[in-house]
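Down below is the structure, laid out as structure tokens.
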Amino acid sequence: MKTTHLKAYRDFLDLLIKERKSAGMSQYVLADRLDKPQSHVSKVETGERRLDLVDYVQWTKALNVDPLGPMQLLVSGVRLPRRRLKLPPPQE
């Protein structure tokens, strides 16, 4: 499963959208601050494009938000997948 489909990642993106809107900032204004096209912001917010760590820090600084705030939400919501060990069949 791609991380963009994880509920924790969607919650993280929803928080970034909320922060942008709380700042009274449109996608166009945020994009201008990031020196990116508006479509970049839209693709990130819809989960079509992922943010890497450096992009994330720039994004939060453009919003005047402490990067650790949204990151804490992401960290608390991420769980490791449960994997089952594939053991060889028992020998006789």
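Just one residue in the list Leu30, Val65, Leu15, Val29 forms a side chain to side chain contact (heavy atoms under 4.5 Å, CB included) with Arg20, and that residue is Leu30.
Atom CG of Asp52 has more than 12 heavy atoms from other residues, nucleotides or ligands within 6.0 Å.
At a threshold of 4.0 Å, the pair Asp14-Lys18 does not count as salt-bridged, since none of the basic side-chain nitrogens sits closer than that to a carboxylate oxygen.
In the hydrophobic clustering of ILVMFWY residues, with side-chain heavy atoms under 4.5 Å counting as a link, Leu16 and Leu53 come out together. Residues Val75 and Val54 do not share a hydrophobic cluster, clusters being chains of Ile/Leu/Val/Met/Phe/Trp/Tyr side chains in contact below 4.5 Å.
Judged purely by atom type and a 3.5 angstrom limit, Tyr28 has no side-chain atom pairing as donor or acceptor with the backbone of Pro37. Counting only distance, with no hydrogens or angles, the side chain of Thr60 and the backbone of Tyr56 share a donor-acceptor pair below 3.5 Å.
Within the 4.5 Å cutoff, the side chain of Gln27 has no heavy atoms near those of the Asp32 side chain. A heavy-atom distance below 4.5 Å is found between the side chains of Gln58 and Leu34. By the 4.5 Å heavy-atom criterion applied to side chains, Met71 and Val57 are not counted as neighbours. Trp59 places none of its side-chain heavy atoms less than 4.5 Å from the side chain of Pro67. In this structure the side chain of Leu63 reaches within 4.5 angstrom of the side chain of Met25, judged on heavy atoms.
Once rounded to the nearest 0.5 Å, the distance linking CD of Glu45 with CD1 of Ile17 reads 4.5 Å.
Nearest heavy-atom pair across Tyr9 and Arg49 is OH-O, 4.3 Å.
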